[in-house]
S.K.: 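I have a structure here, written as structure tokens, and I will follow up with some questions on it.
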Amino acid sequence: MNIVVCVKQVPDTWAEKRLSDSDKTVDREGVEGVMNELDEYAVEEALRIKEAGGDGTVTVLTMGPDKAVETIRKALSMGADQAVHVVDDALHGSDALATSNALAKALGTIEYDLVILGVESTDARMSVIPAMLAERTGAAQLTFARKVEVSGTTVKIERQTDTGYDVVEASTPAIVSVVEKINEPRYPSFKGIMAAKKKPLTTLTIADAGVDGGSVGLAGSGTEVAEFAARPPKQAGQIVKDEGDGGAKLAEFLASQKLV
Amino acid sequence: MHHAKIEGVDHRLSEEHEALRKSVESFAREVVAPQAEQADRSGEFPYDVIRQMGEMGLFGLPLPEQYGGMGGDFLALCLAIEELARIDSSVAITLEAAVGLGSMPVYRFGSEEQKQQWLPALCRGERLAAFGLTEPGGGSDAGNPRTRAVLDGDEWVINGTKAFITNSGTDITNLVTVLCRTGERADGRPELTSIMVPVPRDGFVASPKYDKVGWHASDTRELSFTDCRVPADNVLGARGRGYAQFLSTLDEGRVAIAALAVGLAQGCVDESVRYAKEREAFGNQIGKYQAVAFRIADMQTRAYVARCAYRDAASRMLAGEPFKREAAIAKLYSSTIAVDNARDATQVFGGYGFMNECAVARHWRDAKILEIGEGTSEIQRMLISRDLGL
């Protein structure tokens, strides 16, 4: 089974994130980049499927600036076999629609049965790329998987829902997005880190991937950040005085916040 | 980010070493940290963490792939030890002793057959090896052990006691190499030989764990040998080479312990910075007051300088150059500042720093042994001053 894992480099989870003033896109320069955490689960799941099946390759696919090669290296050091990096200045500012377009085109250059990716990235948190990729490639859409089973050309997942899970099944090719319940990602070993250096890494410009320049970047995006503001500072808490009805007041508050 | 290495003056890490450091840093934060306080309190050996470290290949870091290792070098091991010690010294010393004292002597001095037999499971962290050097009345006077091994036919018969032996009594310990007196040399000094004792074994008893001030979750025991018999060819390397082997093992070990001390010193900085930003007093974060901020600046300075010292010693070692003096300097300085940083971090935390549940209180208890183990600070000063011709 040949598997592609889409990974994204995002600003460090714990760093303060900013939008740049000039074009209102995420400022990726000033902060340390890390692999989107949910994508680590995707890499792990791809490696487990490959190891269980015993054959096939795991290809890492990423779209992002030169710096994103750090995230590719991490996936390779975890054990992926090869990588494709779509890097082009024209991609800067792409929204989900434009990104899915470029990724779908790049997927066209790779042979695959399965595409695995995290359900969302921690920077933009749109959660729509898996569905868009399924639409654009015509592959089956298996999202929010907390368990994946592969048998021949059949892929069965447990889809996480608010109340439990659904069992969903499809034939390959399929796009699978995973939640963090699915596994425990491995930590790169030194042997893996050394081996990663020697693994094939293909760099594609948008022209190489057959992407039309007008369909990506800020210009090719269907959405635009009109304005943004810093989160207002935390308000002082509300004090509930217990006059015999403290419990009821707390329950009311929680219900009003839709927490119960 | 990668950078151009500047030949001759540059101790910044290669891309691969930095990637390893980051990998262990994440592991320490995500896997080691959540269990550190509980393990410190219960004193239970952290088998689950050790198993996961084994899966990551940490126990095979400096060993070649043909014996199940990662094909890395001693610096890679030091980086792993440093990152673990930022969070939990018990876990860090378990790795240091397992590799530095357990596996490395087998790799350095063992026969091909011994290496094949022991190293793969040790590299996977599924088994632990220990080294018995120190004796109850020995300490710094390590060249004169009382533990004796006598050849009886095709077996060594070992009698004696070893003290403070790390990793010697866990459920997964399967080898204890013991420094024994096997005769007298022509010059009247004792002939010392390292003998490998597969454990468990008749005549070998590991006492209950010591009640230590720190390093609670590491396994440290007194060992007694009573007519303990092992095959004659369990000699590690050659008969009579025991002490020389040990001296070279200790030089390396000092660099590794220095890395551990730097990790602890940095862990004290990490905790102090976090707390100084969080805790408010007199209407401000306490980190806004120079009494606190400058103290933390000093702590970071010491950790940085100690790190430079151990990495310089490590780079000399890797280059095959003499590094005895640099190892002693790194060990002396880093253990001193580890104790300083632990004391200062406790001060930053105030009363909370005196609570055992607080990480810096654990660092404070874990720090003192660094001035004692793997050569006391006095021994390091002796080595440095001798090297200066004094």
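Lettering follows sequence order; numbering is per chain, from 1.
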S.K.: Got more than 12 heavy atoms from elsewhere within 6.0 Å of CD, A/Q238?
M.R.: no
S.K.: More than 12 heavy atoms of other residues, nucleotides or ligands under 6.0 Å from CZ of A/R159: yes or no?
M.R.: yes
S.K.: Look at the side chain of A/S189 and the backbone N and O of B/G57, then say whether any donor-acceptor pair between them is shorter than 3.5 Å.
M.R.: no
S.K.: State which residues pass ring-ring contact (aromatic ring centres under 6.0 Å, His included) with A/Y112; sequence neighbours excluded, sorted by chain then number.
M.R.: none
S.K.: Between OG of B/S26 and CD of A/E37, what distance do you get to the nearest 0.5 Å?
M.R.: 10.0 Å
S.K.: Would one find more than 12 heavy atoms of other residues, nucleotides or ligands at under 6.0 Å from atom NZ of A/K24?
M.R.: yes
S.K.: Do you know which two heavy atoms are closest between A/F190 and B/G72, and how far apart they sit?
M.R.: CE2-CA, 3.3 Å
S.K.: Is it the case that more than 12 heavy atoms not belonging to A/D89 sit under 6.0 Å from its CG atom?
M.R.: no
S.K.: Return the CD to CD distance between A/E184 and B/Q52, rounded to the nearest 0.5 Å.
M.R.: 7.5 Å
S.K.: Exactly one of A/K197, A/K74, A/R73 should register a salt bridge (charged side-chain N to carboxylate O under 4.0 Å, His left out) with B/E15. Which one does?
M.R.: A/R73
S.K.: Please classify the contact of B/E65 with chain A as side chain, backbone, both or neither, using a heavy-atom distance under 4.5 Å.
M.R.: side chain
S.K.: Around atom NZ of A/K147, are there more than 12 heavy atoms from other residues, nucleotides or ligands closer than 6.0 Å?
M.R.: no
S.K.: Go through the steps for A/K191 and B/E16 under the test salt bridge (charged side-chain N to carboxylate O under 4.0 Å, His left out), then give the verdict.
M.R.: CA-CA 10 Å; A/K191 205 194 284 185; B/E16 294 75 33; over 6 Å; no
S.K.: Between A/Y187 and B/V31, is any pair of side-chain heavy atoms under 4.5 Å apart?
M.R.: yes
S.K.: Taking everything shown except B/Y352 itself, do over 12 heavy atoms lie less than 6.0 Å from its OH?
M.R.: no
S.K.: First locate atom CD1 of A/I193, then atom NZ of B/K22, and finally report the distance between them rounded to the nearest 0.5 Å.
M.R.: 10.5 Å
S.K.: Restricting to non-hydrogen atoms, name the atom on B/S23 and the atom on A/P188 that form the minimum distance, rounded to 0.1 Å.
M.R.: OG-O, 2.8 Å
